[in-house]
Amino acid sequence: MIRLRFLFILLFVSTQICKAQLSTKEIAVLKLELVKAVENSRLTDSLSKKLNALPHKTALITGYAGTLEALKAKHSWNPYNKIKYVKRSLKTMQTAINMDKENLEIRFMRFSIEHFTPSFLGFSKDLDVDRKEIVKHYQNNNFGLADDALIKNVAKFMIDSKRCTAAEIKILKKHI
């Protein structure tokens with residue numbers, strides 16, 4: 001009887017965890033939608049609601065949710081709301097990084113958010129840490145589940161950001 005209860009609980013828990021997981025196809029669609037959301041506040045809001053409704057989010061989903069919070073800041077006209085969304089975004093990104101410190105995509109998302117946040121606001125404190133971590137991934141050819149397009153786009157963005165040293169640019173150019 002105890003084994004049966006344990007098995008039932010295990011089945012229930014794994015079902016709940018699986019609900020938070022998106023398939024590879026769904027993640028690919030989400031990435032495309034995130035690009036569109038940069039210029040579309042309604043899409044930003046609907047994607048944010050969808051991701052925030054997921055229970056037991058993975059590190060990557062948490063990172064996407066943080067990115068959407070940053071996009072809400074971009075779309076807001078109210079300076080108070082802009083700052084509120086950026087603060088919330090960076091807190092969410094830190095949660096995602098704490099869940100998976102080795103994820104290139106999450107590090108890149110936080111780097112890009114901080115890159116585009118005006119430095120006088122004081123929210124760009126992790127730029128150097130993330131830059132070094134991203135370059136380390138390229139140096140070690142450690143890309144995890146990142147696809148070729150993501151690897152190339154991150155390298156290009158990092159070079160174009162003008163935040164990398166000459167030695168770091170040399171490492172990144174090998175992957176373009």
Side-chain angles (χ1 to χ4, degrees), residues 21-22 24-40 43-44 47-48 51 57-76 79 82-176:
Q21 309 300 325
L22 296 179
T24 305
K25 185 178 179 181
E26 289 172 315
I27 288 177
V29 170
L30 177 60
K31 285 181 183 184
L32 292 173
E33 294 295 306
L34 277 168
V35 172
K36 294 176 187 173
V38 171
E39 300 302 328
N40 186 329
L43 183 56
T44 298
L47 288 173
S48 182
L51 292 185
K57 293 173 199 66
T58 63
L60 190 58
I61 298 302
T62 302
Y64 291 147
T67 299
L68 288 163
E69 290 166 350
L71 290 177
K72 285 182 179 184
K74 178 190 181 297
H75 297 308
S76 177
K82 283 183 176 289
I83 290 173
K84 178 181 78 171
Y85 286 130
V86 170
K87 281 182 180 178
R88 188 181 305 161
S89 169
L90 293 174
K91 184 177 178 183
T92 302
M93 293 307 298
Q94 186 60 52
T95 300
I97 288 171
N98 290 345
M99 293 168 73
D100 187 358
K101 293 180 186 333
E102 296 297 317
N103 190 302
L104 170 70
E105 191 170 0
I106 296 170
R107 291 282 184 166
F108 172 67
M109 286 187 280
R110 183 170 75 176
F111 179 89
S112 62
I113 291 166
E114 290 188 2
H115 171 74
F116 287 115
T117 301
S119 60
F120 69 86
L121 293 174
F123 294 133
S124 302
K125 62 183 173 27
D126 297 305
L127 278 169
D128 287 337
V129 171
D130 289 340
R131 185 193 81 239
K132 289 174 185 174
E133 189 66 29
I134 291 166
V135 171
K136 183 178 89 175
H137 283 275
Y138 280 84
Q139 191 169 20
N140 298 332
N141 289 313
N142 178 21
F143 303 114
L145 299 175
D147 60 22
D148 289 339
L150 178 66
I151 294 166
K152 287 179 183 179
N153 288 334
V154 170
K156 286 178 188 175
F157 183 92
M158 296 300 293
I159 293 167
D160 292 345
S161 75
K162 307 280 190 240
R163 295 185 183 272
C164 296
T165 66
E168 292 169 337
I169 290 172
K170 188 175 178 181
I171 292 166
L172 293 167
K173 280 188 174 181
K174 292 177 186 177
H175 298 279
I176 294 179

Let me confirm one number: the [atom1]-[atom2] distance from [X] to [Y], rounded to the nearest 0.5 Å.
X	Y	atom1	atom2	result
Ser124	Phe116	OG	CZ	11.5 Å
Thr165	Ile171	OG1	CD1	7.5 Å
Asn153	Met158	CG	CE	13.0 Å
Asp130	Arg163	CG	CZ	11.5 Å
Ile106	Lys101	CD1	NZ	11.0 Å
Lys152	Asp147	NZ	CG	10.5 Å

>> If you apply the rule side chain to side chain contact (heavy atoms under 4.5 Å, CB included), what do you find for Tyr64 with Ile27, and how did you get there?
In response: CA-CA 10 Å; Tyr64 291 147; Ile27 288 177; 3.7 Å; yes
> Would Met109 and Leu60 satisfy side chain to side chain contact (heavy atoms under 4.5 Å, CB included), going step by step from the backbone distance to the final call?
Replying inline: CA-CA 10 Å; Met109 286 187 280; Leu60 190 58; 4.1 Å; yes
Within the structure provided, determine whether [X] and [Y] are in side-chain contact (heavy-atom separation under 4.5 Å).
X	Y	value
Lys91	Lys87	no
Ile61	Leu22	yes
Ile113	Phe123	no
Phe108	His115	no
Thr117	Leu90	no

Please check if the side chain of [X] supplies one atom and the backbone of [Y] the other of a donor-acceptor pair under 3.5 Å.
X	Y	answer
Lys82	Lys74	yes
Ser89	Gly66	yes
His175	Tyr138	yes
His137	Asn142	yes

Contact summary for [X] and [Y], nearest pair of heavy atoms:
X	Y	result
Ala155	Ile176	CB-CG1, 3.9 Å
Val86	Ala73	CG2-CB, 3.6 Å
Met93	Thr67	SD-N, 3.9 Å
Ala96	Gly63	CB-N, 3.6 Å
Ala37	Leu43	N-CD2, 3.7 Å
Thr58	Met99	C-CE, 3.6 Å

> Got a salt bridge between Lys72 and Glu69, using NZ or NE/NH1/NH2 to carboxylate O under 4.0 Å?
Replying inline: no
> Quick one: do Arg110 and Glu133 make a salt bridge, cutoff under 4.0 Å?
Replying inline: no
> Are Val129 and Arg107 close enough, and set up right, to give a side chain to side chain contact (heavy atoms under 4.5 Å, CB included), and what steps lead you there?
Replying inline: CA-CA 9 Å; Val129 171; Arg107 291 282 184 166; 3.7 Å; yes
Would you say that more than 12 heavy atoms from the other residues, nucleotides or ligands in this model lie under 6.0 Å from the [atom1] of [X], or not?
X	atom1	result
Asp148	CG	no
Leu145	CG	no
Lys173	NZ	no

> Do we see a donor-acceptor contact under 3.5 Å between the side chains of Thr44 and His75?
Replying inline: yes
>> Does Phe143 form a side chain to side chain contact (heavy atoms under 4.5 Å, CB included) with Leu150? I'd like the steps, not just the answer.
In response: CA-CA 10 Å; Phe143 303 114; Leu150 178 66; over 6 Å; no
